[in-house]
Amino acid sequence: MNSLKLAVAGIVCMLAAGVADAQEIRIGGGGASLATIFAPMKDQFEKSSGDKLTLIQSLPTKGLIALEKGEIDALTTTVPLATIMAEAAKEGVVVDPAALQQQEIGKNEVVAFVHKSNRIKKLSKAQLKKIFTGKVTNWKEIGGADLPIIVVWGNETPGQNALFIKEMLDGEKVTAKAIKTTDYQNIREMVKANPGSIGIDPRGMAMATVGRVDIPIVTAPIILITKGKPSAKVEKVLNFYNEEFGYFSR
């Protein structure tokens, strides 16, 4: 009986030690970067390592401020670091660039979502430009149904917006009639719910419940920013990602 009690006590101690050894890795940043790199690996990493991978979506500027305050372990984004630092400075937070380290860990591809009922399968750059600048306002003008075009645009997706405007709209402004929403998920859900709508999102946000049209490839590097060299626990996440998914080599 005493032997049984000792054995049980030993198992409890081992389990407790395992829990104590588990650590939380906090990755903050934009939805595009999180959806492309970290969200797909989250469950698998946690099951394999026993650690907790916490993903905190925010605007890049808020993420950099959180990194500076030690509230997250790493920041991931598609927005250039210099741009984020300039925006942080406007909020009264001056970050020493020499204290930061950045590395490219992947690519974000911008895709165009449409309602599932939309029969258009492909859009050229010229067609996209006309749609998003408001020069084409009905799908029938480009071979689709007689249905008004609803452009859905995110207010909290600055990196994606800047890239798309530069590459696809040649710097022109998005139509003033665009329906404004917040983040990547809300863009997708609004397109899903409204026939005639179109919006842009990261490839990682694709789901079977929303349609997608082929567009010219638009990509941006996804960077990871840390204070100094990545900590051991951040390196653990990056190594797991590289070994299991093989999307990048450092």
Side-chain angles (χ1 to χ4, degrees), residues 13-89 93-110 157-160 163 183-185 202-206 219-250:
C13 288
M14 290 174 62
L15 292 174
V19 172
D21 289 341
Q23 52 190 343
E24 181 183 24
I25 305 98
R26 303 159 300 171
I27 308 292
S33 305
L34 294 177
T36 301
I37 302 291
F38 296 99
M41 64 170 278
K42 175 178 165 63
D43 290 345
Q44 192 174 340
F45 172 78
E46 290 182 338
K47 290 177 182 177
S48 173
S49 67
D51 294 332
K52 180 176 178 58
L53 180 59
T54 300
L55 307 181
I56 305 167
Q57 185 173 334
S58 70
L59 291 173
T61 304
K62 299 297 184 185
L64 183 61
I65 293 172
L67 179 66
E68 178 69 11
K69 292 180 177 179
E71 296 172 352
I72 58 176
D73 300 298
L75 168 66
T76 182
T77 180
T78 59
V79 179
L81 178 56
T83 301
I84 305 173
M85 291 180 62
E87 291 299 316
V93 179
V94 178
V95 180
D96 179 8
L100 303 176
Q101 180 171 307
Q102 63 175 321
Q103 59 181 297
E104 183 177 327
I105 60 172
K107 295 283 187 184
N108 172 50
E109 180 181 351
V110 177
T157 57
Q160 173 178 272
L163 176 66
D183 56 18
Y184 301 103
Q185 182 172 344
R203 184 185 184 96
M205 296 297 293
T219 63
I222 295 173
I223 60 173
L224 185 85
I225 304 167
T226 54
K227 291 189 72 173
K229 292 183 178 180
S231 65
K233 61 183 182 180
V234 171
E235 281 285 358
K236 186 177 182 180
V237 174
L238 296 179
N239 289 335
F240 179 87
Y241 175 75
N242 196 27
E243 291 169 3
E244 295 298 323
F245 294 85
Y247 292 158
F248 75 102
S249 296
R250 293 174 296 119

Practice problem: Check whether any side-chain N or O of Arg26 sits under 3.5 Å from a backbone N or O of Ala74 as a donor-acceptor pair, and report yes or no. | Solution: no

Quiz item: Is the shortest heavy-atom distance from the side chain of Ile223 to the side chain of Thr78 under 4.5 Å?
Solution: no

Quiz item: Thr76 versus Ile222: any side-chain heavy-atom pair under 4.5 Å?
Solution: yes

Quiz item: Heavy-atom distance under 4.5 Å between the side chains of Leu224 and Ile37, does that happen here?
Solution: no

Exercise. Answer whether the closest heavy-atom distance between the side chains of Thr219 and Asn108 falls below 4.5 Å.
Key: no

Quiz item: What's the spacing between Leu163 CG and Thr157 OG1 if we round to 0.5 Å?
Solution: 11.0 Å

Quiz item: Glu109: what forms a side chain to side chain donor-acceptor pair (under 3.5 Å) with it, not counting sequence neighbours?
Solution: Arg203

Considering only distance and modelled atom types, tabulate donor-acceptor pairs under 3.5 Å from the side chains of residues 53-68, sequence neighbours left out.
from	atom 1	to	atom 2	distance (Å)
Thr54	OG1	Glu24	OE2	2.5
Ser58	OG	Gly63	N	3.4
Lys62	NZ	Glu91	OE1	3.3

Quiz item: If you measure from CD1 on Ile25 to NZ on Lys233, what distance do you get to the nearest 0.5 Å?
Solution: 6.5 Å

Quiz item: To the nearest 0.5 Å, what is the distance between NZ (Lys107) and OG (Ser33)?
Solution: 12.0 Å

Practice problem: Please step through side-chain contact (heavy atoms from CB on, under 4.5 Å) for the pair Phe38 and Ile105, ending with a clear verdict. | Solution: CA-CA 11 Å; Phe38 296 99; Ile105 60 172; 3.8 Å; yes

Quiz item: Between Pro202 and Tyr184, which heavy-atom pair has the shortest distance, and what is it?
Solution: CD-CD2, 3.1 Å

Quiz prompt | Distance, nearest 0.5 Å, that separates OG1 of Thr226 from CD of Gln101 | solution = 5.0 Å

Quiz item: Within the distance-only criterion (no hydrogens, no angle test), does the side chain of Thr83 pair as donor or acceptor with the backbone N or O of Val79 below 3.5 angstrom?
Solution: no

Self-check item: Side-chain donor or acceptor of Ser48 paired with backbone N/O of Gln44 under 3.5 Å
Solution: no

Quiz prompt | Verdict with supporting geometry, Ile84 and Thr77, side-chain contact (heavy atoms from CB on, under 4.5 Å) | solution = CA-CA 10 Å; Ile84 305 173; Thr77 180; 3.6 Å; yes

Quiz item: Is the closest side-chain heavy-atom distance between Lys236 and Asp51 below 4.5 Å?
Solution: yes

Quiz prompt | Note, Lys52 side chain near Gln23 side chain (heavy atom, < 4.5 Å) | solution = no

Practice problem: Kindly indicate whether the side chain of Met41, heavy atoms from C-beta on, has any atom under 4.5 Å from the side chain of Glu244. | Solution: no

Quiz item: Looking only at heavy atoms, what is the nearest atom pair of Ala35 and Met205, with distance?
Solution: CB-SD, 3.8 Å

Quiz item: How long is the gap from CG on Leu238 to CD on Glu243, to the nearest 0.5 Å?
Solution: 11.0 Å

